[in-house]
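Please read all numbers here as calculations on a predicted model, not as lab measurements.
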Amino acid sequence: MDTAELKTASRYEPRPLACPWIAFAVLLLLWELLSRFSGLSPQVFPGPIPVLVSMGKLAASGILLRHTVASLFRITVGFYLAVLLGLPLGIILGRNRIFNTMFNPVIQFLKPISPIAWIPLAMLWFGIGDKPAIFLIFLSSFFPLVVSTTIAVSSINPVFFQVAANFNFTRREVLSKIIIPAITPATITAFRISLSIAWLVVVAAEMIAVRSGLGYLILDSRNALRMDYVMAGMIVIGIIGLLLDLLMRRMGQLASTSWYGSGN
Amino acid sequence: MGHILIDSVCKEYPNRRRKPRPGSPGTGKYMVPVLDHITLEFGEGEMVCILGPSGCGKSTLLRIVAGFEPPTAGRVIIDNKRVERPSSDSIFVFQNNGLLPWMTVWENVELGLRHLEDREAKNERIAEQIEIVELEGFEQHYPHQLSGGMRRRAELARALAVNPNIMIMDEPFSGLDFLTHMKMREEVVNMHRFTRKTTLVVTHDIDDALIMGDRIVVLDDRPAKVKLDHKLDFPRPRDFEKLPELSELRKQIFLMQGVLYAV
Ligand SMILES: Nc1ncnc2c1ncn2[C@@H]1O[C@H](COP(=O)(O)OP(=O)(O)OP(=O)(O)O)[C@@H](O)[C@H]1O
Ligand SMILES: [Mg+2]
(Lines give C-alpha, C1' and ligand atoms only; values in the text may rest on other atoms or scores of the structure.)
(Ligands and ions follow the chains in the order given, each with its own letter.)
Protein backbone atom coordinates (compact mmCIF):
# COMPACT_ATOMS: atom_id res chain seq x y z
CA MET A 1 0.00 0.00 0.00
CA ASP A 2 2.71 2.46 0.92
CA THR A 3 4.42 2.01 -2.43
CA ALA A 4 1.16 2.93 -4.15
CA GLU A 5 0.85 6.01 -1.99
CA LEU A 6 4.41 6.98 -2.77
CA LYS A 7 3.68 6.56 -6.44
CA THR A 8 0.71 8.89 -6.39
CA ALA A 9 2.49 11.36 -4.18
CA SER A 10 5.52 11.59 -6.41
CA ARG A 11 3.32 12.24 -9.41
CA TYR A 12 2.55 15.69 -8.08
CA GLU A 13 6.08 16.64 -7.21
CA PRO A 14 8.54 17.94 -9.73
CA ARG A 15 11.19 15.28 -10.27
CA PRO A 16 14.24 16.58 -12.06
CA LEU A 17 15.65 13.80 -14.20
CA ALA A 18 19.21 14.70 -13.26
CA CYS A 19 18.87 13.89 -9.54
CA PRO A 20 19.84 10.19 -9.58
CA TRP A 21 22.80 10.97 -11.84
CA ILE A 22 24.02 13.62 -9.47
CA ALA A 23 24.01 11.05 -6.67
CA PHE A 24 25.99 8.60 -8.81
CA ALA A 25 28.47 11.31 -9.69
CA VAL A 26 28.93 12.08 -5.99
CA LEU A 27 29.46 8.37 -5.32
CA LEU A 28 32.15 8.15 -8.03
CA LEU A 29 33.87 11.24 -6.70
CA LEU A 30 33.82 9.90 -3.16
CA TRP A 31 35.23 6.59 -4.38
CA GLU A 32 38.01 8.36 -6.25
CA LEU A 33 38.90 10.48 -3.22
CA LEU A 34 38.79 7.53 -0.83
CA SER A 35 40.98 5.32 -3.01
CA ARG A 36 43.45 8.13 -3.49
CA PHE A 37 43.76 9.25 0.12
CA SER A 38 43.07 6.03 2.03
CA GLY A 39 46.73 5.08 2.04
CA LEU A 40 45.87 1.66 0.60
CA SER A 41 47.69 0.52 -2.49
CA PRO A 42 45.84 0.79 -5.82
CA GLN A 43 45.98 -3.02 -6.05
CA VAL A 44 43.91 -3.28 -2.89
CA PHE A 45 41.61 -0.31 -3.39
CA PRO A 46 41.54 0.70 -7.05
CA GLY A 47 39.81 3.91 -8.07
CA PRO A 48 36.87 4.13 -10.44
CA ILE A 49 38.87 4.73 -13.61
CA PRO A 50 41.05 1.57 -13.50
CA VAL A 51 38.00 -0.44 -12.48
CA LEU A 52 36.00 0.85 -15.44
CA VAL A 53 38.92 0.11 -17.74
CA SER A 54 39.17 -3.45 -16.38
CA MET A 55 35.43 -3.81 -16.74
CA GLY A 56 35.74 -2.81 -20.38
CA LYS A 57 38.45 -5.44 -20.84
CA LEU A 58 36.31 -8.12 -19.19
CA ALA A 59 33.35 -7.15 -21.33
CA ALA A 60 35.39 -7.14 -24.53
CA SER A 61 36.78 -10.61 -23.85
CA GLY A 62 33.26 -11.99 -23.40
CA ILE A 63 34.02 -13.24 -19.88
CA LEU A 64 31.64 -10.79 -18.26
CA LEU A 65 28.78 -11.76 -20.56
CA ARG A 66 29.36 -15.45 -19.95
CA HIS A 67 29.23 -15.07 -16.17
CA THR A 68 26.26 -12.73 -16.30
CA VAL A 69 24.31 -15.14 -18.48
CA ALA A 70 25.19 -17.99 -16.13
CA SER A 71 23.86 -16.07 -13.13
CA LEU A 72 20.73 -14.93 -14.95
CA PHE A 73 20.05 -18.47 -16.11
CA ARG A 74 20.15 -19.78 -12.54
CA ILE A 75 18.00 -17.06 -11.10
CA THR A 76 15.44 -17.50 -13.88
CA VAL A 77 15.13 -21.25 -13.41
CA GLY A 78 15.14 -21.07 -9.60
CA PHE A 79 12.65 -18.24 -9.48
CA TYR A 80 10.29 -19.85 -11.99
CA LEU A 81 10.34 -23.07 -10.01
CA ALA A 82 9.55 -21.14 -6.85
CA VAL A 83 6.65 -19.36 -8.54
CA LEU A 84 5.35 -22.54 -10.13
CA LEU A 85 5.25 -24.38 -6.82
CA GLY A 86 4.84 -21.50 -4.38
CA LEU A 87 1.83 -19.76 -5.90
CA PRO A 88 -0.45 -22.81 -6.04
CA LEU A 89 0.62 -23.86 -2.55
CA GLY A 90 -0.04 -20.33 -1.27
CA ILE A 91 -3.48 -20.31 -2.87
CA ILE A 92 -4.36 -23.68 -1.35
CA LEU A 93 -3.17 -22.58 2.09
CA GLY A 94 -5.04 -19.30 1.78
CA ARG A 95 -8.29 -21.02 0.88
CA ASN A 96 -8.21 -24.07 3.10
CA ARG A 97 -8.17 -23.43 6.79
CA ILE A 98 -7.28 -27.01 7.70
CA PHE A 99 -4.22 -27.11 5.42
CA ASN A 100 -3.26 -23.70 6.67
CA THR A 101 -3.23 -24.64 10.33
CA MET A 102 -1.43 -27.84 9.39
CA PHE A 103 1.36 -26.45 7.20
CA ASN A 104 1.71 -22.83 8.20
CA PRO A 105 3.87 -23.50 11.29
CA VAL A 106 6.27 -25.62 9.23
CA ILE A 107 6.60 -22.90 6.61
CA GLN A 108 7.05 -20.20 9.21
CA PHE A 109 9.77 -22.36 10.76
CA LEU A 110 11.63 -22.97 7.49
CA LYS A 111 11.26 -19.42 6.19
CA PRO A 112 13.76 -17.66 8.48
CA ILE A 113 16.52 -20.19 7.79
CA SER A 114 18.83 -18.29 5.47
CA PRO A 115 19.35 -19.98 2.10
CA ILE A 116 23.07 -19.55 2.77
CA ALA A 117 22.74 -22.01 5.64
CA TRP A 118 21.53 -24.58 3.14
CA ILE A 119 24.75 -24.38 1.10
CA PRO A 120 26.51 -27.37 2.68
CA LEU A 121 23.48 -29.60 2.24
CA ALA A 122 22.83 -28.31 -1.27
CA MET A 123 26.39 -29.18 -2.29
CA LEU A 124 26.20 -32.60 -0.74
CA TRP A 125 22.88 -33.37 -2.38
CA PHE A 126 23.43 -31.81 -5.80
CA GLY A 127 27.21 -31.70 -6.17
CA ILE A 128 28.91 -28.85 -7.97
CA GLY A 129 27.19 -26.99 -10.80
CA ASP A 130 23.93 -25.30 -11.64
CA LYS A 131 21.76 -27.56 -9.53
CA PRO A 132 22.77 -26.51 -6.01
CA ALA A 133 22.70 -22.84 -7.00
CA ILE A 134 19.24 -23.20 -8.50
CA PHE A 135 18.10 -25.07 -5.43
CA LEU A 136 19.28 -22.25 -3.16
CA ILE A 137 17.59 -19.59 -5.29
CA PHE A 138 14.44 -21.66 -5.27
CA LEU A 139 14.55 -21.84 -1.47
CA SER A 140 15.13 -18.12 -1.11
CA SER A 141 12.04 -17.24 -3.19
CA PHE A 142 9.77 -20.13 -2.39
CA PHE A 143 8.97 -19.44 1.26
CA PRO A 144 8.38 -15.70 0.95
CA LEU A 145 6.16 -16.36 -2.07
CA VAL A 146 4.11 -19.00 -0.28
CA VAL A 147 3.63 -16.81 2.77
CA SER A 148 2.67 -13.66 0.88
CA THR A 149 0.31 -15.55 -1.44
CA THR A 150 -1.35 -17.20 1.55
CA ILE A 151 -1.89 -13.84 3.18
CA ALA A 152 -3.14 -12.25 -0.03
CA VAL A 153 -5.64 -15.04 -0.65
CA SER A 154 -6.95 -15.20 2.89
CA SER A 155 -7.52 -11.46 2.96
CA ILE A 156 -9.74 -11.41 -0.13
CA ASN A 157 -13.07 -9.82 0.76
CA PRO A 158 -15.44 -12.75 1.48
CA VAL A 159 -18.22 -10.90 -0.34
CA PHE A 160 -16.48 -11.74 -3.63
CA PHE A 161 -16.71 -15.45 -2.89
CA GLN A 162 -20.39 -15.02 -2.07
CA VAL A 163 -20.88 -13.27 -5.40
CA ALA A 164 -19.12 -16.20 -7.05
CA ALA A 165 -21.38 -18.70 -5.32
CA ASN A 166 -24.46 -16.63 -6.13
CA PHE A 167 -23.57 -16.64 -9.83
CA ASN A 168 -22.80 -20.39 -9.82
CA PHE A 169 -19.09 -20.06 -10.52
CA THR A 170 -17.18 -23.28 -11.02
CA ARG A 171 -13.98 -23.83 -9.05
CA ARG A 172 -11.97 -22.87 -12.07
CA GLU A 173 -13.93 -19.65 -12.45
CA VAL A 174 -13.42 -18.80 -8.78
CA LEU A 175 -9.70 -19.16 -9.43
CA SER A 176 -9.54 -17.20 -12.67
CA LYS A 177 -12.17 -14.55 -12.00
CA ILE A 178 -11.78 -13.95 -8.26
CA ILE A 179 -8.58 -15.27 -6.70
CA ILE A 180 -6.03 -14.47 -9.38
CA PRO A 181 -7.18 -10.92 -10.12
CA ALA A 182 -7.61 -10.19 -6.42
CA ILE A 183 -4.09 -11.25 -5.48
CA THR A 184 -2.30 -9.87 -8.54
CA PRO A 185 -1.16 -6.56 -7.00
CA ALA A 186 0.14 -8.20 -3.80
CA THR A 187 1.72 -11.03 -5.77
CA ILE A 188 3.65 -8.70 -8.03
CA THR A 189 5.01 -6.88 -4.99
CA ALA A 190 6.00 -10.27 -3.57
CA PHE A 191 7.70 -11.17 -6.86
CA ARG A 192 9.67 -7.99 -6.67
CA ILE A 193 10.83 -8.59 -3.14
CA SER A 194 11.67 -12.25 -3.57
CA LEU A 195 13.47 -11.65 -6.85
CA SER A 196 15.74 -9.14 -5.15
CA ILE A 197 16.44 -11.65 -2.38
CA ALA A 198 17.12 -14.30 -5.01
CA TRP A 199 19.63 -12.01 -6.67
CA LEU A 200 21.43 -11.59 -3.36
CA VAL A 201 21.51 -15.34 -2.91
CA VAL A 202 22.68 -16.21 -6.41
CA VAL A 203 25.95 -14.38 -5.87
CA ALA A 204 26.55 -16.06 -2.53
CA ALA A 205 25.70 -19.48 -3.95
CA GLU A 206 28.06 -19.02 -6.87
CA MET A 207 30.93 -18.26 -4.57
CA ILE A 208 30.77 -21.77 -3.22
CA ALA A 209 28.92 -24.22 -5.36
CA VAL A 210 29.86 -23.46 -8.97
CA ARG A 211 32.62 -22.42 -11.36
CA SER A 212 30.74 -19.75 -13.28
CA GLY A 213 28.51 -16.77 -12.65
CA LEU A 214 29.16 -13.31 -11.25
CA GLY A 215 29.71 -14.66 -7.74
CA TYR A 216 32.37 -17.01 -9.05
CA LEU A 217 33.95 -14.17 -11.04
CA ILE A 218 34.34 -12.20 -7.83
CA LEU A 219 35.75 -15.11 -5.88
CA ASP A 220 38.11 -16.11 -8.66
CA SER A 221 39.35 -12.52 -9.04
CA ARG A 222 39.98 -12.32 -5.33
CA ASN A 223 42.09 -15.45 -5.51
CA ALA A 224 44.05 -13.80 -8.32
CA LEU A 225 44.28 -10.63 -6.20
CA ARG A 226 42.55 -8.63 -8.92
CA MET A 227 40.44 -6.21 -6.87
CA ASP A 228 39.61 -4.23 -10.02
CA TYR A 229 37.80 -7.32 -11.36
CA VAL A 230 36.13 -7.84 -7.99
CA MET A 231 34.76 -4.32 -8.14
CA ALA A 232 33.77 -4.67 -11.79
CA GLY A 233 31.79 -7.76 -10.80
CA MET A 234 30.11 -5.86 -7.99
CA ILE A 235 29.10 -3.06 -10.34
CA VAL A 236 27.53 -5.47 -12.80
CA ILE A 237 25.64 -7.14 -9.95
CA GLY A 238 24.29 -3.78 -8.88
CA ILE A 239 23.24 -2.81 -12.39
CA ILE A 240 21.48 -6.10 -13.04
CA GLY A 241 19.72 -5.95 -9.68
CA LEU A 242 18.49 -2.49 -10.60
CA LEU A 243 17.27 -3.70 -13.99
CA LEU A 244 15.47 -6.70 -12.49
CA ASP A 245 13.67 -4.42 -10.06
CA LEU A 246 12.75 -2.04 -12.85
CA LEU A 247 11.39 -4.95 -14.87
CA MET A 248 9.19 -6.12 -11.99
CA ARG A 249 7.96 -2.62 -11.39
CA ARG A 250 6.98 -2.25 -15.04
CA MET A 251 5.17 -5.55 -14.84
CA GLY A 252 3.30 -4.38 -11.77
CA GLN A 253 2.24 -1.20 -13.48
CA LEU A 254 1.04 -3.08 -16.55
CA ALA A 255 -0.93 -5.61 -14.55
CA SER A 256 -2.60 -3.39 -12.04
CA THR A 257 -3.13 0.14 -13.25
CA SER A 258 -6.66 -0.61 -14.37
CA TRP A 259 -8.32 -1.17 -11.01
CA TYR A 260 -5.57 -0.78 -8.43
CA GLY A 261 -6.93 2.63 -7.46
CA SER A 262 -9.95 0.99 -5.86
CA GLY A 263 -7.99 0.26 -2.69
CA ASN A 264 -9.34 -3.24 -2.37
CA MET B 1 -41.90 -18.80 -8.94
CA GLY B 2 -40.39 -16.90 -6.05
CA HIS B 3 -42.42 -18.24 -3.14
CA ILE B 4 -40.39 -18.17 0.09
CA LEU B 5 -41.10 -20.01 3.31
CA ILE B 6 -38.89 -19.24 6.27
CA ASP B 7 -39.75 -21.99 8.69
CA SER B 8 -38.79 -21.47 12.30
CA VAL B 9 -35.25 -20.39 11.45
CA CYS B 10 -32.74 -19.99 14.28
CA LYS B 11 -29.16 -18.84 14.03
CA GLU B 12 -26.46 -18.83 16.65
CA TYR B 13 -22.89 -17.63 16.38
CA PRO B 14 -20.06 -18.77 18.60
CA ASN B 15 -19.36 -16.35 21.39
CA ARG B 16 -15.86 -14.93 21.56
CA ARG B 17 -16.03 -14.55 25.32
CA ARG B 18 -14.50 -17.40 27.28
CA LYS B 19 -16.82 -17.53 30.22
CA PRO B 20 -20.36 -18.79 29.85
CA ARG B 21 -23.07 -16.29 30.45
CA PRO B 22 -25.33 -17.27 33.29
CA GLY B 23 -28.40 -18.98 31.94
CA SER B 24 -26.98 -19.73 28.50
CA PRO B 25 -27.70 -23.32 27.54
CA GLY B 26 -24.04 -24.26 27.49
CA THR B 27 -22.93 -27.45 25.84
CA GLY B 28 -19.24 -26.66 26.12
CA LYS B 29 -19.40 -24.10 23.31
CA TYR B 30 -21.10 -20.86 24.12
CA MET B 31 -23.31 -19.57 21.42
CA VAL B 32 -25.00 -16.23 20.95
CA PRO B 33 -28.48 -16.50 19.51
CA VAL B 34 -29.05 -14.02 16.69
CA LEU B 35 -32.24 -15.28 15.08
CA ASP B 36 -34.91 -16.85 17.27
CA HIS B 37 -37.52 -19.00 15.50
CA ILE B 38 -38.26 -16.70 12.61
CA THR B 39 -41.26 -17.88 10.63
CA LEU B 40 -42.37 -15.89 7.62
CA GLU B 41 -44.00 -16.69 4.30
CA PHE B 42 -43.69 -14.47 1.28
CA GLY B 43 -45.83 -14.83 -1.80
CA GLU B 44 -44.74 -14.67 -5.42
CA GLY B 45 -43.92 -11.16 -6.52
CA GLU B 46 -44.25 -9.63 -3.09
CA MET B 47 -42.08 -6.68 -2.12
CA VAL B 48 -41.17 -7.19 1.51
CA CYS B 49 -39.36 -4.57 3.55
CA ILE B 50 -37.56 -5.74 6.67
CA LEU B 51 -36.83 -3.30 9.46
CA GLY B 52 -35.01 -3.76 12.72
CA PRO B 53 -32.47 -2.18 15.01
CA SER B 54 -28.84 -2.26 13.97
CA GLY B 55 -27.13 -5.57 14.64
CA CYS B 56 -30.36 -7.46 15.21
CA GLY B 57 -29.69 -10.00 12.49
CA LYS B 58 -31.31 -8.65 9.33
CA SER B 59 -28.29 -9.35 7.15
CA THR B 60 -27.96 -12.75 8.75
CA LEU B 61 -31.55 -13.59 7.84
CA LEU B 62 -30.98 -12.50 4.23
CA ARG B 63 -27.77 -14.52 4.00
CA ILE B 64 -29.62 -17.59 5.18
CA VAL B 65 -32.41 -17.06 2.65
CA ALA B 66 -29.77 -16.66 -0.08
CA GLY B 67 -28.12 -19.91 1.00
CA PHE B 68 -24.77 -18.35 1.96
CA GLU B 69 -25.06 -19.73 5.48
CA PRO B 70 -27.06 -22.61 6.89
CA PRO B 71 -29.48 -21.88 9.72
CA THR B 72 -28.67 -23.46 13.07
CA ALA B 73 -32.22 -24.80 13.20
CA GLY B 74 -35.25 -24.58 10.95
CA ARG B 75 -35.25 -24.32 7.18
CA VAL B 76 -35.86 -22.06 4.25
CA ILE B 77 -37.96 -23.39 1.42
CA ILE B 78 -38.11 -21.63 -1.92
CA ASP B 79 -40.63 -22.95 -4.45
CA ASN B 80 -40.95 -26.22 -2.56
CA LYS B 81 -37.21 -26.79 -2.51
CA ARG B 82 -35.10 -26.52 0.57
CA VAL B 83 -32.35 -23.92 0.26
CA GLU B 84 -28.97 -25.55 0.79
CA ARG B 85 -26.62 -23.43 -1.25
CA PRO B 86 -26.61 -20.16 -3.14
CA SER B 87 -28.20 -20.21 -6.55
CA SER B 88 -28.69 -17.72 -9.34
CA ASP B 89 -32.46 -18.05 -8.80
CA SER B 90 -32.11 -15.63 -5.92
CA ILE B 91 -29.59 -12.87 -6.40
CA PHE B 92 -28.16 -10.97 -3.48
CA VAL B 93 -27.42 -7.26 -3.76
CA PHE B 94 -24.79 -6.52 -1.15
CA GLN B 95 -24.87 -3.94 1.64
CA ASN B 96 -21.32 -3.00 0.74
CA ASN B 97 -20.26 -2.92 -2.84
CA GLY B 98 -20.45 -6.38 -4.33
CA LEU B 99 -19.20 -5.48 -7.80
CA LEU B 100 -15.94 -7.20 -8.65
CA PRO B 101 -13.43 -4.32 -8.68
CA TRP B 102 -11.21 -5.86 -11.36
CA MET B 103 -14.05 -6.06 -13.86
CA THR B 104 -15.64 -3.23 -15.78
CA VAL B 105 -19.36 -2.49 -15.51
CA TRP B 106 -19.87 -4.47 -18.70
CA GLU B 107 -17.96 -7.49 -17.42
CA ASN B 108 -19.78 -7.38 -14.10
CA VAL B 109 -23.17 -7.39 -15.81
CA GLU B 110 -21.94 -10.18 -18.07
CA LEU B 111 -21.30 -12.46 -15.06
CA GLY B 112 -24.83 -13.80 -14.94
CA LEU B 113 -25.04 -14.21 -18.71
CA ARG B 114 -21.66 -15.77 -19.36
CA HIS B 115 -23.15 -19.12 -20.36
CA LEU B 116 -25.23 -17.70 -23.21
CA GLU B 117 -23.97 -19.22 -26.45
CA ASP B 118 -25.30 -16.56 -28.77
CA ARG B 119 -22.82 -13.70 -28.54
CA GLU B 120 -25.05 -11.18 -30.16
CA ALA B 121 -28.03 -11.92 -27.97
CA LYS B 122 -25.76 -11.76 -24.95
CA ASN B 123 -24.31 -8.39 -25.84
CA GLU B 124 -27.76 -7.09 -26.57
CA ARG B 125 -28.98 -8.15 -23.17
CA ILE B 126 -26.04 -6.64 -21.35
CA ALA B 127 -26.49 -3.36 -23.18
CA GLU B 128 -30.20 -3.44 -22.39
CA GLN B 129 -29.61 -3.92 -18.67
CA ILE B 130 -27.05 -1.15 -18.60
CA GLU B 131 -29.51 1.10 -20.37
CA ILE B 132 -32.26 0.32 -17.86
CA VAL B 133 -30.11 1.62 -15.02
CA GLU B 134 -28.92 4.53 -17.16
CA LEU B 135 -25.25 3.71 -17.19
CA GLU B 136 -24.72 4.00 -20.95
CA GLY B 137 -21.28 5.38 -21.62
CA PHE B 138 -19.87 3.83 -18.44
CA GLU B 139 -19.63 0.25 -19.73
CA GLN B 140 -15.85 0.28 -19.72
CA HIS B 141 -15.49 1.96 -16.33
CA TYR B 142 -14.20 0.11 -13.31
CA PRO B 143 -16.26 0.27 -10.09
CA HIS B 144 -13.84 2.65 -8.40
CA GLN B 145 -14.39 5.09 -11.23
CA LEU B 146 -18.13 5.29 -10.48
CA SER B 147 -20.03 7.19 -7.82
CA GLY B 148 -21.72 5.29 -5.00
CA GLY B 149 -25.13 5.59 -6.64
CA MET B 150 -23.83 4.41 -10.01
CA ARG B 151 -22.24 1.40 -8.36
CA ARG B 152 -25.56 0.42 -6.80
CA ARG B 153 -27.25 0.77 -10.15
CA ALA B 154 -24.57 -1.31 -11.84
CA GLU B 155 -25.06 -4.02 -9.26
CA LEU B 156 -28.81 -3.84 -9.79
CA ALA B 157 -28.23 -4.29 -13.53
CA ARG B 158 -25.97 -7.26 -12.85
CA ALA B 159 -28.67 -8.85 -10.67
CA LEU B 160 -31.49 -8.16 -13.14
CA ALA B 161 -29.47 -9.56 -16.05
CA VAL B 162 -29.74 -13.04 -14.52
CA ASN B 163 -33.51 -12.68 -14.43
CA PRO B 164 -33.74 -14.32 -10.99
CA ASN B 165 -37.01 -15.19 -9.33
CA ILE B 166 -35.97 -13.46 -6.16
CA MET B 167 -34.02 -10.27 -5.45
CA ILE B 168 -32.46 -9.93 -2.03
CA MET B 169 -31.23 -6.46 -1.17
CA ASP B 170 -29.32 -5.56 1.94
CA GLU B 171 -29.65 -1.84 2.62
CA PRO B 172 -29.55 -0.87 -1.03
CA PHE B 173 -29.66 2.82 -0.20
CA SER B 174 -27.19 3.10 2.64
CA GLY B 175 -24.45 5.61 2.15
CA LEU B 176 -26.23 7.45 -0.67
CA ASP B 177 -27.03 11.14 -0.51
CA PHE B 178 -30.68 12.12 -0.13
CA LEU B 179 -31.52 12.68 -3.79
CA THR B 180 -29.66 9.61 -5.01
CA HIS B 181 -31.43 7.65 -2.30
CA MET B 182 -34.82 8.84 -3.56
CA LYS B 183 -33.95 8.08 -7.18
CA MET B 184 -32.60 4.67 -6.32
CA ARG B 185 -35.76 3.92 -4.34
CA GLU B 186 -37.84 4.85 -7.34
CA GLU B 187 -35.65 2.63 -9.45
CA VAL B 188 -36.20 -0.35 -7.18
CA VAL B 189 -39.97 0.25 -7.03
CA ASN B 190 -40.13 0.49 -10.82
CA MET B 191 -37.98 -2.57 -11.21
CA HIS B 192 -40.40 -4.43 -8.99
CA ARG B 193 -43.47 -3.11 -10.78
CA PHE B 194 -42.21 -4.22 -14.17
CA THR B 195 -40.60 -7.51 -13.29
CA ARG B 196 -42.78 -8.66 -10.38
CA LYS B 197 -39.92 -10.48 -8.78
CA THR B 198 -40.23 -11.42 -5.15
CA THR B 199 -38.07 -8.76 -3.52
CA LEU B 200 -36.70 -8.66 0.01
CA VAL B 201 -35.30 -5.32 1.05
CA VAL B 202 -33.60 -4.73 4.36
CA THR B 203 -33.57 -1.12 5.37
CA HIS B 204 -33.24 0.92 8.50
CA ASP B 205 -35.37 3.70 7.06
CA ILE B 206 -38.99 3.35 8.15
CA ASP B 207 -40.21 5.66 5.38
CA ASP B 208 -38.48 3.54 2.73
CA ALA B 209 -40.26 0.48 4.04
CA LEU B 210 -43.68 2.13 4.17
CA ILE B 211 -43.38 3.71 0.72
CA MET B 212 -42.00 0.67 -1.05
CA GLY B 213 -43.36 -2.40 0.64
CA ASP B 214 -46.32 -4.61 -0.11
CA ARG B 215 -45.51 -5.85 3.30
CA ILE B 216 -43.46 -4.70 6.23
CA VAL B 217 -41.71 -6.93 8.74
CA VAL B 218 -40.18 -5.49 11.89
CA LEU B 219 -37.65 -7.57 13.80
CA ASP B 220 -36.96 -7.30 17.48
CA ASP B 221 -33.52 -6.66 18.91
CA ARG B 222 -31.20 -9.63 19.33
CA PRO B 223 -32.15 -12.40 19.34
CA ALA B 224 -34.44 -11.30 16.54
CA LYS B 225 -38.06 -12.34 16.61
CA VAL B 226 -40.79 -11.12 14.31
CA LYS B 227 -42.28 -8.19 16.12
CA LEU B 228 -44.63 -6.95 13.45
CA ASP B 229 -45.71 -8.36 10.12
CA HIS B 230 -48.09 -6.07 8.30
CA LYS B 231 -49.56 -5.98 4.79
CA LEU B 232 -49.49 -2.55 3.17
CA ASP B 233 -52.50 -2.37 0.85
CA PHE B 234 -52.00 1.21 -0.17
CA PRO B 235 -52.03 2.58 -3.68
CA ARG B 236 -48.83 3.92 -5.19
CA PRO B 237 -47.33 6.44 -5.35
CA ARG B 238 -47.79 6.76 -1.63
CA ASP B 239 -48.04 10.00 0.23
CA PHE B 240 -48.15 10.13 3.99
CA GLU B 241 -50.32 13.23 3.96
CA LYS B 242 -53.05 11.63 1.89
CA LEU B 243 -52.92 8.32 3.72
CA PRO B 244 -53.59 8.95 7.40
CA GLU B 245 -53.62 5.21 8.03
CA LEU B 246 -50.06 4.99 6.75
CA SER B 247 -49.02 7.91 8.95
CA GLU B 248 -50.56 6.19 11.92
CA LEU B 249 -48.66 2.99 11.17
CA ARG B 250 -45.48 5.02 10.84
CA LYS B 251 -46.02 6.56 14.24
CA GLN B 252 -46.64 3.11 15.71
CA ILE B 253 -43.44 1.69 14.27
CA PHE B 254 -41.42 4.63 15.50
CA LEU B 255 -42.82 4.07 18.98
CA MET B 256 -42.15 0.38 18.69
CA GLN B 257 -38.49 1.17 18.00
CA GLY B 258 -38.34 3.36 21.06
CA VAL B 259 -38.52 6.71 19.30
CA LEU B 260 -41.08 9.26 20.45
CA TYR B 261 -42.38 10.38 17.12
CA ALA B 262 -43.78 13.58 18.56
CA VAL B 263 -40.44 15.38 18.91
N1 LIG C 1 -19.94 -14.49 10.98
C2 LIG C 1 -20.32 -14.07 12.21
N3 LIG C 1 -19.71 -14.55 13.32
C4 LIG C 1 -20.09 -14.16 14.55
N5 LIG C 1 -21.05 -13.26 14.78
C6 LIG C 1 -21.70 -12.74 13.72
C7 LIG C 1 -21.36 -13.11 12.37
N8 LIG C 1 -22.16 -12.43 11.53
C9 LIG C 1 -22.95 -11.67 12.31
N10 LIG C 1 -22.69 -11.85 13.62
C11 LIG C 1 -23.39 -11.20 14.73
O12 LIG C 1 -24.76 -11.35 14.52
C13 LIG C 1 -25.44 -10.15 14.82
C14 LIG C 1 -26.32 -9.74 13.68
O15 LIG C 1 -25.53 -9.33 12.59
P16 LIG C 1 -26.18 -8.79 11.24
O17 LIG C 1 -25.08 -8.37 10.36
O18 LIG C 1 -27.12 -9.80 10.71
O19 LIG C 1 -26.99 -7.51 11.75
P20 LIG C 1 -27.84 -6.45 10.94
O21 LIG C 1 -29.20 -6.45 11.48
O22 LIG C 1 -27.69 -6.67 9.48
O23 LIG C 1 -27.11 -5.11 11.36
P24 LIG C 1 -26.89 -3.77 10.52
O25 LIG C 1 -28.19 -3.05 10.52
O26 LIG C 1 -25.86 -3.03 11.31
O27 LIG C 1 -26.42 -4.16 9.18
C28 LIG C 1 -24.40 -9.12 15.17
O29 LIG C 1 -24.42 -8.94 16.56
C30 LIG C 1 -23.11 -9.73 14.75
O31 LIG C 1 -22.10 -9.42 15.68
MG1 LIG D 1 -26.70 -5.65 7.92
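- In terms of modelled atom types and a separation under 3.5 Å, the side chain of A/Ser140 and the main chain of A/Pro115 share no donor-acceptor contact.
- Atom CD1 of B/Ile132 is separated from atom CG of B/Leu156 by 9.5 Å, given to the nearest 0.5 angstrom.
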- Task: Determine, step by step, whether B/Val188 and B/Met212 satisfy the side-chain contact (heavy atoms from CB on, under 4.5 Å) criterion, reporting the C-alpha distance in whole Å, the side-chain angles of both residues, the deciding distance to 0.1 Å, and the verdict.
- Result: CA-CA 9 Å; B/Val188 173; B/Met212 293 166 66; 3.7 Å; yes
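- Judged by distance alone, the side chain of A/Asp245 and the main-chain N or O of A/Arg192 form no donor-acceptor pair under 3.5 Å.
- When each of B/Gly98, B/Ala66, B/Pro143 is scored by its heavy-atom pairs under 4.5 Å with chain A, the top score falls to B/Gly98.
- When each of B/Gly112, B/Ser87, B/Pro164 is scored by its heavy-atom pairs under 4.5 Å with chain A, the top score falls to B/Ser87.
- At distances below 3.5 Å, not a single donor-acceptor pair connects side-chain atoms of B/Lys58 with backbone N or O atoms of B/Thr203.
- Ranked by heavy-atom pairs under 4.5 Å with chain A, the list B/Thr104, B/Val162, B/Leu100 is led by B/Leu100.
- Only the backbone of B/Ser90 comes within less than 4.5 Å of a heavy atom of chain A; no side-chain atom from C-beta onward does.
- Taking the ring centroids of B/Trp102 and A/Phe160, they lie under the 6.0 Å cut-off.
- Heavy atoms of B/Phe92 lying under 4.5 Å from chain A belong to its backbone as well as its side chain.
- With a threshold of 4.5 angstrom between heavy atoms, A/Phe169 approaches chain B through its backbone and through its side chain.
- For B/Arg158, the parts lying under 4.5 angstrom from a heavy atom of chain A are both the backbone and the side chain.
- Counting heavy-atom pairs closer than 4.5 Å to chain B, the top residue among A/Asn166, A/Ile178, A/Val159, A/Asn168 is A/Asn166.
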